[in-house]
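What's counted below: heavy atoms across the whole structure, side chains too, no hydrogens, waters or symmetry copies.
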Amino acid sequence: MGFLSSLLIFWLIYTLIKNLSGGNTNGQGDSTYNRSYSYYNPNYEYGHNRQGDFETALLQLIAVTMRADGHVRKIELEFVKTKLIEVFGVQRAQSALLKLRDILKTDINVHIAASNIRHHLDYNSRLIILQILYGIAQADGVVTDEEAQIVSRIAASIGITSADAQSIFGTFASADNLDAAYKVLQIDKSATDAEVKKAYRTMAMKYHPDKVAGMGADVEKRAEETFRKVQEAYEKICKARGIK
């Protein structure tokens, strides 16, 4: 990953936390939003689509993911807040979900937001964003069909291959899900043992924590978790096949 791209993703996450704070939930911990979003409307602009709009673009993708099933849940807000506070502290998070709260109530053009992210960030950085979005979708323990569809469409819009998207989704599956393990390594059950080993080496290299070194503790921690999931998927397949 280039030095400039590393700085950009670090700045993006830093500016996100500066604009996150407090939720917009009712007494039950959830709020319902019925705002619409658009994928292809070249006349809709959330700003001037400048480099300085990274923050808005990411917040919009987060907002679309959070309200995909029609509800913005407190646990999802807490997921975003907690992960960012781990790196930047409570003080920088205080002004926070205010901007996200406003965005959650607006019409969002996902195509423009995704295009901004895709244009300015390299592939590894976009993989990190997809991991964050899927983590939000799964924060309440259940990824609905609507959430899965939205995250998949965002993945395609920011230029993530279908295989890489499925690999990331597989890392969130339950520990006993052998099918998900094959998806993590981007192979199917008909692969030979040699192909399994080769796939593991390829994926271990792709998600090695060194790829995001210097990008902040939370980003590095997320990379380590993904790398561990790749290892676990490989070990699960090896155990099922008797590979030593």
Taking the side chain as every heavy atom from C-beta outward, state whether [X] and [Y] have any atom pair closer than 4.5 Å.
{"X": "T226", "Y": "I168", "value": "no"}
{"X": "V110", "Y": "R153", "value": "no"}
{"X": "Y182", "Y": "D188", "value": "no"}
{"X": "I128", "Y": "N124", "value": "no"}
{"X": "N116", "Y": "Q60", "value": "no"}

Where is the tightest heavy-atom contact between [X] and [Y], given as atom of each residue plus distance?
{"X": "T106", "Y": "D102", "answer": "CG2-O, 3.2 Å"}
{"X": "A137", "Y": "V151", "answer": "CB-CG2, 4.3 Å"}
{"X": "E147", "Y": "V142", "answer": "OE1-O, 3.3 Å"}
{"X": "L104", "Y": "R67", "answer": "O-NH1, 2.5 Å"}
{"X": "M66", "Y": "D69", "answer": "O-OD1, 3.9 Å"}
{"X": "Q231", "Y": "Y200", "answer": "CG-OH, 3.6 Å"}

In Å, rounded to the nearest 0.5 Å, how long is the span from [atom1] of [X] to [atom2] of [Y]?
{"X": "I237", "Y": "K239", "atom1": "CD1", "atom2": "NZ", "answer": "13.5 Å"}
{"X": "K229", "Y": "L185", "atom1": "NZ", "atom2": "CG", "answer": "13.5 Å"}
{"X": "D145", "Y": "I150", "atom1": "CG", "atom2": "CD1", "answer": "12.0 Å"}
{"X": "L130", "Y": "I158", "atom1": "CG", "atom2": "CD1", "answer": "5.5 Å"}
{"X": "I160", "Y": "S167", "atom1": "CD1", "atom2": "OG", "answer": "11.0 Å"}
{"X": "L127", "Y": "T161", "atom1": "CG", "atom2": "OG1", "answer": "8.0 Å"}

Show, in sequence, the C-alpha distance, side-chain angles and deciding distance for Q186 and D164, and conclude whether the side chain to side chain donor-acceptor pair (under 3.5 Å) test is met. CA-CA 8 Å; Q186 298 186 12; D164 280 343; 2.5 Å; yes
Same cluster for L178 and F172 if Ile/Leu/Val/Met/Phe/Trp/Tyr side chains link at under 4.5 Å? yes
Is any NZ, NE, NH1 or NH2 atom of the basic residue among E232 and K236 found under 4.0 Å from an Asp or Glu carboxylate oxygen of the other? no
Should the ring pair Y134 and F169 be called parallel, tilted or perpendicular, given that the plane angle runs from 0 to 90° and is split at 30 and 60? parallel
Among K197, M203, R201, whose side-chain contact (heavy atoms from CB on, under 4.5 Å) with Y234 holds?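 The side-chain contact (heavy atoms from CB on, under 4.5 Å) with Y234 is passed solely by K197 among K197, M203, R201.
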Say whether, by atom type as modelled, one donor and one acceptor occur between the side chain of R126 and the main chain of I117 under 3.5 angstrom. no
